[in-house]
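Just the heavy atoms: all of them, side chains too, but no hydrogens, waters or symmetry mates, feed the values below. Letters go in sequence order (proteins before strands), and every chain restarts at 1.
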Number of protein chains: 2
Amino acid sequence: MAAQSAKSVAPPGFKSHNHKHCIERAVTHAKQSCQANGLQFTAIRQRVLEILLTQHKAMGAYDILDQLKEDGFNSQPPVAYRALDFLVQHGFAHKIERLNAFIACHSPENDHTPTFFICRLCSSVVETQPELTRGALGKTAKDVGFLIEQTVVEVEGVCPNCR
Amino acid sequence: MAAQSAKSVAPPGFKSHNHKHCIERAVTHAKQSCQANGLQFTAIRQRVLEILLTQHKAMGAYDILDQLKEDGFNSQPPVAYRALDFLVQHGFAHKIERLNAFIACHSPENDHTPTFFICRLCSSVVETQPELTRGALGKTAKDVGFLIEQTVVEVEGVCPNCR
DNA sequence: TCCATGACGCTATAGTATTACAATAGTGGT
DNA sequence: ACCACTATTGTAATACTATAGCGTCATGGA
């Protein structure tokens, strides 16, 4: 899985776009958010986020590790996992359980319960927020008395571009 | 993780119940379903299903492998994974992606899109079917033109018994 | 009978993730 | 400036999860 150019990679919302822009935007946001909350947005963490942002696909921890290695960072597994844990914990990235892989958060500004659409053919992953899900799940949870702390909603299929 | 007695283990729908009954029922159903569809419900497959049915928790493939070993079955990883693949493929079990683990299907009679509620404290897993989810996701998918093939919906939190 | 298919036995290996501990760097109080 | 404290990183080792590949055997159809 080679690194790709920074422009017009896979689509967010399955539509083409200028990619460089969303990288800068997300990094800037993360930086500010960390500063505001007393978190350390270290070089490794920033670099991992940037790597994730280069594509709208989920990347395995070891793919990221390879990238880090090329950049002269250390390359033992914990390096990647620690950075990923940090990013996920603070909402700058998500784990796609179905793929055992990670993806940059597409709209880190909002507090949200994301739903991911994963294309089986081109491997693109799109993050959406159908509030309905929260509502439907919330109702079920309330009925049985379950306290929801985290949700994983991942849909697998074929994206519009591949159909 | 030791095997538990066959009665009143963790709750389906988080309520106590006679557990032995649901084991028999599920095994019988699987047997008949396989026969009706020309599938081979072999000894290994049956045993793996039974093992899964002994608890309303998700079990790792290697936990199952250990059980199989005790029963005198072969114990190389593929043995468990093959049986699990079969069970999942034909709807007799599900994989809980969040836990990298497997659980017997709670209502194999219906074709369904299950939602799992996972208790962080007692590890029990309950399968529900909030049709709403399908509707909500379906709408979003339609909007973006995505063809849904499979969905993973897993909710993590605290079950009513542990609150 | 011959062959195609599906299940299983078995070995090896790939892929994902964590534990543990030492070293270092950032932070806040004095 | 100094210290104590906490967070982060460096590094090695290991645990956990999953699959590939190939040989064997049983079953059922042409």
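Out of C:dA7, D:dT8, D:dA18, the shortest distance to the side chain of B:Y81 is found at D:dA18. For B:I44, whose side chain is taken as the heavy atoms from C-beta onward, the closest listed nucleotide among D:dT9, C:dC8, D:dA18 is C:dC8. Here D:dA12 is the nucleotide among C:dG9, D:dA12, D:dA18 with the atom lying nearest to any side-chain atom of A:Q76.
In this structure, the CD atom of A:Q40 is 17 Å from the P atom of C:dT24, given to the nearest Å. The CG-P distance, from A:D85 to C:dT19, rounds to 10 Å in whole Å. Here the C1' atom of nucleotide C:dG26 and the CZ atom of A:R45 are 12 Å apart, to the nearest Å. Counting to the nearest Å, the C1' atom of C:dT18 and the CG atom of A:L84 are 14 Å from each other. Per the geometry, CZ belonging to B:F73 stands 10 Å off P belonging to C:dC8, to the nearest Å. Computed from coordinates, the B:F102 CZ to D:dT17 C1' distance equals 9 Å when rounded to whole Å. Regarding A:N100, its CG atom lies at a distance of 7 Å from the P atom of D:dA18, rounded to whole Å. To the nearest angstrom, P of C:dG15 lies 18 Å from CD of B:E97.
Within the 4.0 angstrom heavy-atom criterion, base atoms lie near B:Y62.
The side chain of B:K95 contributes no N or O atom lying less than 4.0 Å from OP1 or OP2 of D:dT17. Proximity of A:N74 to the phosphate of D:dT11: a side-chain N or O atom is located under 4.0 Å from OP1 or OP2.
The base of C:dG9 sits within donor-acceptor range of the side chain of B:R82, with an N or O pair under 3.5 Å.
Taking the nucleotide of DNA chain D with the nearest heavy atom to each of B:A61 and A:L39, the more 5' of the two is matched to A:L39.
Between the side chains of A:R98 and B:Q150, a donor-acceptor pair is found at a separation under 3.5 Å. Defined by atom type and a distance below 3.5 Å, a donor-acceptor pair is missing between the side-chain atoms of A:T151 and B:E156.
At least one side-chain heavy atom of B:Q76 sits under 4.5 Å from a side-chain heavy atom of B:N74.
Between A:F116 and A:H94, the distance separating the two ring centers is shorter than 6.0 angstrom.
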Point to revise | Stepwise side-chain contact (heavy atoms from CB on, under 4.5 Å) test for B:Q129 and B:T115 | key: CA-CA 6 Å; B:Q129 302 174 55; B:T115 293; over 6 Å; no
